[in-house]
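Keep in mind that what you see is a predicted model, and the values were worked out from it rather than measured. Letters A, B, ... are given to chains in the order of the sequence lines, protein chains preceding strands, and every chain is numbered from 1. Side chains are part of it too, since the values below use all heavy atoms of this structure and drop only hydrogens, waters and symmetry mates.
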There are 2 protein chains.
Amino acid sequence: MTRRPSARPNINTTPISIDNYFKVAISVDCVIFGFDEGVLKVLLIKCNFNEFRGQWSLLGDLVRPDEDMDEASYRILRERTGLDDVYLEQVHTFGSLNRHPSGRVITTAYYSLVNIQHHKLALSDNELHWHPFDEIKCLAFDHMDILNTCYARLQQKVLREPVVFNLLPPKFSLRELQSLYEAILGVELDRRNFRKKFFQMGFLTDTGQMEDDVPHRPGKLYRFNYKKYTKQSKKPLDINF
Amino acid sequence: MTRRPSARPNINTTPISIDNYFKVAISVDCVIFGFDEGVLKVLLIKCNFNEFRGQWSLLGDLVRPDEDMDEASYRILRERTGLDDVYLEQVHTFGSLNRHPSGRVITTAYYSLVNIQHHKLALSDNELHWHPFDEIKCLAFDHMDILNTCYARLQQKVLREPVVFNLLPPKFSLRELQSLYEAILGVELDRRNFRKKFFQMGFLTDTGQMEDDVPHRPGKLYRFNYKKYTKQSKKPLDINF
DNA sequence: GCAAAAGTGTTCACATTACACCCATGG
DNA sequence: CCATGGGTGTAATGTGAACACTTTTGC
């Protein structure tokens, strides 16, 4: 929630030409999450913008005049990662007066969930780099705010919708799934209870295959069954704050 | 979640002057919720825009060049309802190419929770009217989308944060509180379980006063104790979808 | 007295939690 | 053989859901 930031006089009586309004640019910024080596990561790019040169920033771009905002986000993802059909969710729009040195630029933040392995090869641009989320302390512009807002949204989301599977390969072990939840939520979970929970949900299909590249007893590989999953689920209606 | 809406060629190779970008206007639209006579209501205004003249629309306005987006929302609320310190939450930004006849206008949707009784007197403008949420079937522009998106967000929100008290007078009966939850969630709740729930949360203070204008046995009046309420609450971390 | 809502406890089903041992594999 | 994680079950606790009768007030 936001409370009124400051008292301002009602300036409704001062007419302003309509043309003065159409001087805003809009951009989108994407927080692209990945999961690798048990760590939640974010794809960042070296900023080539004067005031912030050398700092890392989120991937973003201005929205073209003939372009929908969602389209712009997909374009950025496609251009930067080579990935096409990815999970994308709009989170918040940031419009502080001085957030951008070039003028009034409003940005709409999205987050995206991608499978890092899938596009490792496409990531040849050495201006791009995956950073562990926990180690990101400072970014260009107001991107640190944007990052934290998107992360908070992701934390809520994974509890209510099966979006985490976008971060995993199609076949995954239960340990991978659990450590992904732990990485996103920042907590440790009980292994037996976690397994019980997911099995009784009934959305995991045993592929019959096993891990084969681990230095310990291999686990079974599962697949998320999108067909069995339906949003009809009876979420208990509990008021809880 | 949004999936890529349509395949588009990568037009990154077509240079566009930076000036072409700064031709967008931004607006804010507010879904102002109130609660009256057991019914969830929304404040609407008669649209005076050509293409939609005579239809109802949300309260909105262009964001001024020197104005923060949140400020713009508070300005609209102040101008239209006379209310100042209200609950306001940003929800989503709508930016379809042809959503506004005048050109590229991106709008950011907010919802607001107000106590109808508090400003009944300030509402003299007869272009403004409180509509029962359930009876709103058609609005100007894409405002029906905006309304539904904000309503869905409100439904989620009331389960996790004590925002409903913004819709009630400072002193309220448990029946009022319950019927408000029922109106927002669209379900019937068990009275005894509801009372138990709220009392054991410990955030309701007995004012010692009773209702005095009801045609039946009066109930006690309570106040929400913001001091006792802290976000430290131990929400059970349950994955549930 | 009648209508309408206030106020009040218990039971059942289910979900979350905590917890310990043996097994399979790689090195 | 050792380290690492895979795989498994049960008991206790807590929460949500269902449910009925008496009391108080206005009319």
Q: Tell me yes or no: between the side chains of B:D70 and B:Y110, is some donor less than 3.5 Å from an acceptor?
A: yes
Q: Would you tell me if any nitrogen or oxygen in the side chain of B:K220 comes within less than 4.0 Å of OP1 or OP2 on C:dG7?
A: no
Q | Whole angstrom value for the distance that separates P of D:dG16 from OH of B:Y181 | A | 13 Å
Q.
I need the CE-P distance between B:M210 and D:dG26, as an integer number of Å.
A. 10 Å
Q) Closer to the 5' end of DNA chain D via nearest nucleotide, is it A:F199 or A:H216? A) A:H216
Q: Decide yes or no, distance alone: a donor-acceptor N/O pair under 3.5 angstrom between the base of C:dG7 and the side-chain of B:R191.
A: yes
Q: Identify whether any heavy atom of B:R195 sits under 4.0 Å from a base atom; if not, whether one sits that close to sugar-phosphate; answer base, sugar-phosphate or nothing.
A: base
Q) Considering heavy-atom distances to DNA chain C, does A:Q200 or A:P215 have its closest nucleotide positioned more toward the 5' end? A) A:Q200
Q) Rounded to whole angstrom units, what separation is found between the CG atom of B:D213 and the P atom of C:dA4? A) 18 Å
Q. Rounded to whole angstroms, how far apart are CD on B:E188 and P on D:dC19?
A. 13 Å
Q | Earlier contact from the 5' end, DNA chain C, for A:K196 and B:R192 | A | B:R192
Q.
Is a donor from one side chain sitting under 3.5 angstrom from an acceptor on the other, for B:E176 and B:Y181?
A. no
Q. Parallel, tilted or perpendicular for A:F241 and B:Y229, by the 30°/60° rule?
A. perpendicular
(Q) Can you measure B:N193 atom CG to D:dC19 atom C1' for me and round it to whole angstrom units? (A) 9 Å
(Q) So, applying side chain to side chain contact (heavy atoms under 4.5 Å, CB included) with A:L113, which one of A:V164, A:L154, A:V86 is it? (A) A:L154
Q.
Of the listed nucleotides (C:dT25, D:dG7, C:dA15), which one gets closest to any side-chain atom of A:P218?
A. C:dT25
**Q.** Closest to side chain of A:R217, choosing from C:dC19, C:dT8, C:dA24
**A.** C:dA24
